[in-house]
4 protein chains.
Amino acid sequence: MGIRGRPRSEASHHAVLDAAAKLLEQERCSYQDLTVERIAAEAGVGKQTIYRWWKNKAGVVLEALLTGRLKLDFEPVPNTGDLRADLMSWLDSEITRAGGEDTAVMARSLMAALVTGGEETRALLNGGIVWEGMAVAERLRAEQEAGGLREGVDPSMVAATIMDPFIIRLITVGSPDPEWMRAQLDMVLTGILPRD
Amino acid sequence: MGIRGRPRSEASHHAVLDAAAKLLEQERCSYQDLTVERIAAEAGVGKQTIYRWWKNKAGVVLEALLTGRLKLDFEPVPNTGDLRADLMSWLDSEITRAGGEDTAVMARSLMAALVTGGEETRALLNGGIVWEGMAVAERLRAEQEAGGLREGVDPSMVAATIMDPFIIRLITVGSPDPEWMRAQLDMVLTGILPRD
Amino acid sequence: MGIRGRPRSEASHHAVLDAAAKLLEQERCSYQDLTVERIAAEAGVGKQTIYRWWKNKAGVVLEALLTGRLKLDFEPVPNTGDLRADLMSWLDSEITRAGGEDTAVMARSLMAALVTGGEETRALLNGGIVWEGMAVAERLRAEQEAGGLREGVDPSMVAATIMDPFIIRLITVGSPDPEWMRAQLDMVLTGILPRD
Amino acid sequence: MGIRGRPRSEASHHAVLDAAAKLLEQERCSYQDLTVERIAAEAGVGKQTIYRWWKNKAGVVLEALLTGRLKLDFEPVPNTGDLRADLMSWLDSEITRAGGEDTAVMARSLMAALVTGGEETRALLNGGIVWEGMAVAERLRAEQEAGGLREGVDPSMVAATIMDPFIIRLITVGSPDPEWMRAQLDMVLTGILPRD
DNA sequence: ATATAAGCGAGACGGTACGTCTCGTCTTGTG
DNA sequence: CACAAGACGAGACGTACCGTCTCGCTTATAT
């Protein structure tokens with residue numbers, strides 16, 4: 001005997017995620033201004049259909065993020081062979097783009113979803129913090145394969161070390177100070193302790 | 001001619017901040033469960049008195065934080081002369097304490113205040129991210145004076161590099177993985193690039 | 001295709017009107033002390049449900065009145081065949097009852113609703129002033145059918161002529177002077193101009 | 001020994017009453033929109049000065065009325081010798097003027113003051129209902145002296161009998177029906193019972 | 001003169017109701 | 001049975017107004 005009743009509408013499923021992404025991204029509305037009712041209206045979907053499949057707004061937004069409908073939208077890091085220079089130039093250009101506030105708004109929205117959604121919403125992350133697996137980690141993995149990293153260094157950990165302060169500043173201040181970020185990058189690459 | 005009208009009641013001012021801190025800290029209630037009405041009631045103050053002096057709940061919480069009524073409450077880092085060992089043992093004990101969820105709840109509350117308060121609320125931070133100026137930075141300044149840091153390294157920047165990933169994990173996952181944190185600390189101290 | 005969405009809950013509709021009536025009548029609370037929140041609580045209804053269907057408190061009270069849940073609660077006028085005597089005795093007993101303040105409070109509440117509600121609230125009256133269609137008008141209609149009124153006299157108009165000064169005194173002074181009211185009744189019945 | 005301290009400022013006293021009258025009359029604001037704060041501001045007076053001398057807003061408005069700063073502003077009734085015709089033409093012209101809503105707004109304001117002010121506010125009336133001692137009563141007194149009224153008829157009572165239904169209609173419906181008012185006037189003058 | 005006392009304008013205070021908003025659930029008829 | 005629509009109970013939000021309190025200042029009488 002098979003399951004009874006009408007199967008879940010995949011059209012509605014996608015429409016909801018797309019609507020959430022569109023509202024956050026195109027309408028530039030913050031996580032707070034994004035209401036479940038607005039998502040439902042934009043998606044042409046009943047509100048109950050959202051609550052049937054997601055725990056709450058945070059769940060929708062997070063699934064939109066994890067399925068790539070929302071991005072923090074960082075460019076790939078160039079690879080000229082010079083890791084330090086590549087990261088420096090990438091940082092500069094990202095700060096310029098992020099200075100347009102859009103990335104900051106998006107970062108705050110994601111943080112809001114994580115912070116206001118319950119434990120189970122955070123569990124969706126599965127331990128992986130989104131922005132850490134992206135552009136910088138990619139470049140570092142390439143460098144590692146080329147043997148350009150110290151023995152035993154984990155590229156994703158380095159990415160976290162560089163990106164987390166960046167994101168924190170994006171969220172709190174709005175646009176990170178380029179000087180500070182470059183100095184931090186330099187410090188992370190070189191190490192804090194004096195060479196013996 | 002002097003100022004006119006009844007002066008701002010410093011008693012009420014403090015009562016509000018204390019009430020907000022008490023509710024968040026002692027009653028262990030999350031930022032969302034903390035309502036302006038409850039703060040007012042706890043402080044024995046009219047709601048309008050809060051809105052007269054603060055833009056919103058986030059403003060109150062942030063001022064409570066900046067005036068030291070709320071802390072992320074990290075212990076001082078011990079100073080045995082061995083920076084690496086001191087930070088490692090401090091990290092271990094903080095992770096254990098933070099594993100009790102209280103610190104995570106508080107960190108999420110602060111983040112919620114930052115993220116849901118408007119631009120002007122964030123401006124109160126004045127570019128200083130709270131948890132970065134604390135325990136770790138202190139220990140690093142001591143080390144710097146003892147000449148234990150590489151030339152030109154900024155202790156507060158190092159603190160950010162260590163603390164921000166910690167806070168991010170505290171917020172998103174709940175309790176940071178001790179292994180990961182120790183490896184990250186080690187990496188930051190030593191540097192990413194291979195010694196030439 | 002029929003109408004969409006959950007239909008209006010008649011249970012809530014009635015519960016609100018009943019609650020308003022009960023609070024005004026049984027709890028003897030004045031129109032000012034009657035709050036929308038209290039009505040909602042008493043009715044076991046969300047505040048928004050009230051504002052969804054009524055413009056304001058005045059609208060609720062007026063509908064309660066027009067649906068008979070609230071009355072100014074005048075006794076029927078006796079009919080012994082002697083109009084003048086019947087009205088006189090009725091007036092006397094009503095003044096005694098109204099002297100208990102309850103009727104005065106209710107009359108003030110209704111007036112407050114009319115006066116503080118907007119134009120559209122008053123429009124609910126549809127030109128009919130509530131207390132004018134009641135006890136006195138009934139008795140006068142009976143008299144008219146028995147041929148006891150002057151040709152062309154409108155019973156409801158007479159009722160207004162007698163009741164409006166009564167209500168005005170009820171509202172402003174509290175309890176109308178029996179002597180005054182009897183003299184006024186006598187005057188209205190007989191006419192002001194001398195017989196030729 | 002005389003009294004000590006600064007005497008009551010008559011300037012402020014008048015300024016408050018004038019301000020209340022001006023706001024109600026010139027700014028056409030309803031009793032509800034008239035706040036104590038607005039009166040104080042308009043009068044250039046501290047709020048406490050109002051509460052020092054009046055019980056509440058209703059007290060201020062009522063004193064403004066009783067001191068003639070506010071009027072229901074009825075024209076005098078003409079006296080051509082023909083009482084019926086004089087009252088008829090006066091009624092017609094008053095209805096036309098009152099149709100401009102201004103009189104209705106004012107009447108509602110006074111009623112609101114009476115109904116929302118406490119018992120002691122109503123006591124200020126001293127049993128005299130304001131609109132009843134005015135134009136119509138004057139004309140009737142003149143007629144009485146000329147012997148044009150039935151023996152023993154009290155002009156002020158007749159005025160109440162004519163004016164109260166008028167005021168009630170002004171308050172509730174906005175503009176009384178001229179036909180109705182003329183018929184009522186006629187009825188009151190002639191009497192309800194058939195001539196024997 | 002100078003102290004004492006009350007009134008004054010300004011405006012913050014505790015309190016409370018307002019009317020709006022959003023959440024997450026419930027209840028229709030339709031496919 | 002899931003769906004769109006949309007009303008529902010709940011309750012926080014931020015605003016408005018009430019009537020009181022607290023400043024520094026002014027204007028009197030009483031010493």
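Values in this document were obtained by computation on a predicted structure and should not be read as measured data.
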If we only count heavy atoms from C-beta on, is the [X] to [Y] side-chain gap below 4.5 Å?
X     : Y      : answer
C:K22 : C:R69  : no
C:Q32 : C:R108 : no
D:E63 : D:L66  : no
A:L17 : A:W54  : yes
B:L23 : B:I39  : yes
A:H13 : A:W53  : no
C:Y31 : C:M111 : no

Inset, instruction - Would you state whether a donor and an acceptor, one from the side chain of C:R6 and one from the base of E:dC26, lie under 3.5 Å apart? - result: yes
Inset, instruction - Scan residues 37-55 of chain A against DNA chain E and write down, sorted by residue number, each residue with any heavy atom closer than 4.0 Å; if none is found, say none. - result: A:K47, A:Q48, A:Y51
Legend entry - DNA chain E contacts made by residues 8-36 of chain D, counting heavy atoms under 4.0 Å: D:R8, D:S9, D:S12
Legend entry - Side-chain donor/acceptor of C:K47 to backbone N/O of C:R38, under 3.5 Å: no
